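Remarks on the structure that follows.
Letters go in sequence order (proteins before strands), and every chain restarts at 1. On a predicted model such as this, the values are computed, not experimentally measured, just so you know.
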There are 2 protein chains.
Amino acid sequence: MTAPRTARALARETLTRDILDAARARLVADGPAALSLRAVARDVGMVSSAVYRYFPSRDALLTALLVECYDELGAAVETAEAAVARDDLTGRWLAACRALRSWCVQRPGDFALLYGTPVPGYAAPQDTVEPATRVVRALVRIVADSWADGAGPAPAPSSGGDAAALVAPAVAFVSARGLVAPDAPAEAVVRTLMAWTTLFGTVSFELFGHLHRTVADYADWFDAVALRAGADAGVVPRGMDAALPPRGR
Amino acid sequence: MTAPRTARALARETLTRDILDAARARLVADGPAALSLRAVARDVGMVSSAVYRYFPSRDALLTALLVECYDELGAAVETAEAAVARDDLTGRWLAACRALRSWCVQRPGDFALLYGTPVPGYAAPQDTVEPATRVVRALVRIVADSWADGAGPAPAPSSGGDAAALVAPAVAFVSARGLVAPDAPAEAVVRTLMAWTTLFGTVSFELFGHLHRTVADYADWFDAVALRAGADAGVVPRGMDAALPPRGR
DNA sequence: CCTCGTGCAAGAGCGGCGCTCTCGTTTGTG
DNA sequence: CACAAACGAGAGCGCCGCTCTTGCACGAGG
């Protein structure tokens, strides 16, 4: 099954990939709204109706791209985070956050597909939710490690303690789901969710132009936000004000 | 000039409003992507080409809606915040945040237009930036009042103090602009910007389904996030754990 | 009052879109 | 070899944004 015997099956597999690649190229360039099935068909040298042999609709094509992008983003975050020493929690957090942002900034069209306005009548099928949670799962892992490293449920996330009380009631609002690290403390999940929301908001504002002429250096601004969000989630620098890892390239 | 004398001018004004209202109705229902100029024309009983007498393009119509929505949202936040006693800073903050969310939740299409994926070839004209900043200006006013109320540059935003150092470098990245409260301390502006980003991210995640089956009660979750974001920005509850104002209706 | 230029609505039409259906052709299988 | 399934191409449907032309009603100047 993994080795397609017949020529037809092989051709089908190849063409499906070609269509996806062409669609991906158009997506990165123009964003999801401008992705037309007819244009993709032209790019791969087909007539539009022939594409429907491979994807039953434009939405199905978008869904395939969605899964692919979620996985790619998740992988980028995971590998960036894995390259840092396990006990350097702030380093892992910052590496993950930076990988997140650079992936998004380099592919604004993909970002718009993943986190932008959903298409009007479109409901994401179930196969997209697992890849979609990959990023936040990577983040929650770092936070959980931080909590395990420190002591007690509130490892002084730069807070005196009332912050925990503030957020605590929210734990009840978050159903466990099991999707995100079932062994992680609920409080850590909640805080990670907030940090993740902040990170997303920052990238979204940058890419969609809402910080235009407000923030001078997006990368520096993002670093500051990421560190602050991480601290709020319980990822504290080793030395209180250790030198920040330099930004790559 | 304010009183249109001729019947022509009056008809023009009326029809322009009718078109905008019809477009607004379709926008709220279906979102910006599904807003078709032809459909709007049908709604007002015109032929599509006739609409071009009033708006030179679909983008122009969207721009008009954009300004209108920004203003409406800003007004909603401002009036909600103004209804609270001036010295109840947490109450003002929470009222502003809740007004923000409920406006967005009640008009997901409008929210998508304002903060969702920008249309591919569209660059927001200059007249949109002033209304766009109205919300964040309202927020920064509350934060600035909090800072003025408390002492010194860091009124213990639930933090020991290193948080200020963490964020401090970011001040340099934010150009003053003057758009947002020129007299407000830069640090307050930066923190408000972060809080605003978090608020936006929370609403966006809610409306775009990224918290589906993750957060049980969106309103409660939002309250918790808003209070925490406010505390990080320097808006602290009067009594440390004073009873939260009940959610309206 | 009448005329002439202007603003206006309507219609046809252009190319592009998602999607469906039909029609030969190719391909794999019983 | 024959038959069915898969396939590519084409035509066509109704939608879209937008342009151009046509006929008409309005309103200001003579």
Side-chain angles (χ1 to χ4, degrees), chain A residues 1 3-20 22-23 26-27 29-66 109 113 117-123, chain B residues 1 3-20 22-23 26-27 29-66 109 113 117-123:
Chain A
M1 187 179 283
R5 240 174 307 279
T6 85
R8 235 209 253 279
L10 192 144
R12 178 168 191 86
E13 198 162 301
T14 306
L15 276 178
T16 306
R17 261 262 62 87
D18 286 355
I19 293 174
L20 274 176
R26 288 213 165 256
L27 176 64
D30 307 332
L35 200 164
S36 99
L37 196 145
R38 286 177 118 110
V40 172
R42 277 194 297 271
D43 288 352
V44 297
M46 272 198 235
V47 93
S48 75
S49 62
V51 179
Y52 285 85
R53 301 273 180 196
Y54 300 87
F55 295 92
S57 73
R58 178 178 176 271
D59 281 358
L61 209 171
L62 281 180
T63 300
L65 291 174
L66 208 64
L113 174 64
T117 316
V119 299
Y122 177 76
Chain B
M1 186 179 284
R5 241 172 308 279
T6 85
R8 242 209 248 279
L10 191 143
R12 177 168 191 87
E13 196 161 305
T14 306
L15 277 178
T16 305
R17 260 262 61 87
D18 286 355
I19 293 174
L20 274 177
R26 288 215 164 256
L27 176 65
D30 307 333
L35 200 163
S36 99
L37 197 144
R38 287 178 118 110
V40 173
R42 277 193 297 271
D43 288 352
V44 296
M46 273 198 230
V47 91
S48 74
S49 62
V51 179
Y52 285 86
R53 297 271 177 198
Y54 300 87
F55 295 93
S57 72
R58 178 176 175 272
D59 281 358
L61 209 171
L62 281 180
T63 300
L65 291 175
L66 208 63
L113 174 65
T117 316
V119 298
Y122 178 75

Measure CD/B:Glu13 against P/C:dC8 and give the value in whole Å, please.
12 Å
Go through the N and O atoms of the side chain of B:Arg12 and the base of C:dG7, and report whether any donor-acceptor pair is under 3.5 Å.
no
If you look at every strand shown and take non-hydrogen atoms under 4.0 Å, does B:Phe55 touch a base, only sugar-phosphate, or nothing?
nothing
For B:Ser57, report the nucleic acid contact type (base, sugar-phosphate, nothing); a contact means any heavy atom under 4.0 Å.
sugar-phosphate
Considering only side-chain heavy atoms of A:Ala39, which listed nucleotide, C:dC17, D:dC16, C:dA10, is closest?
C:dC17
How many Å lie between CG on B:Asp43 and P on D:dC16, as a whole number?
11 Å
Between D:dG17 (P) and B:Arg26 (CZ): distance, integer Å:
11 Å
Could you tell me the separation between the CD1 atom of B:Ile19 and the P atom of C:dC8, rounded to a whole number of Å?
11 Å
Between C:dC17, D:dC15, D:dG8, which one does the side chain of A:Arg42 approach most closely?
C:dC17
Could you give the CG-to-P distance, from B:Asp30 to D:dC16, as a whole number of Å?
12 Å
Got a donor-acceptor pair under 3.5 Å from the side chain of B:Ser36 to the base of D:dG17?
no
Against the side chain of B:Leu37, the closest entry in D:dC18, D:dA9, C:dA9 is D:dC18
How far does OG1 of B:Thr16 sit from CZ of B:Phe55, to the nearest 0.5 angstrom?
5.5 Å
Rounding to an integer number of Å, can you tell me how far A:Tyr52 OH sits from C:dC21 P?
12 Å
Categorize A:Arg58 for me: base, sugar-phosphate, or nothing, with a 4.0 angstrom heavy-atom threshold over every strand shown.
sugar-phosphate
Interatomic distance where CZ belongs to B:Arg38 and P belongs to C:dC17 [whole Å]
16 Å
Out of curiosity, B:Arg26 CZ to B:Ser36 OG, how far, rounded to the nearest 0.5 Å?
6.5 Å
Taking only residues two or more places apart in sequence or in another chain, which ones pass salt bridge (charged side-chain N to carboxylate O under 4.0 Å, His left out) with A:Arg17?
A:Asp21, A:Glu68
Please classify the nucleic acid contact of A:Leu61 as base, sugar-phosphate, or nothing, using heavy-atom distances under 4.0 Å.
nothing
Is B:Leu15 touching bases, backbone alone, or none of the nucleic acid, heavy atoms closer than 4.0 Å?
sugar-phosphate
Can you build the contact string for nucleotides 25-30 of chain D? Use B for base contact, S for sugar-phosphate-only contact, and - for no protein heavy atom under 4.0 Å.
BBSS--
Separation of D:dA9 P from A:Arg53 CZ (nearest whole Å)
11 Å
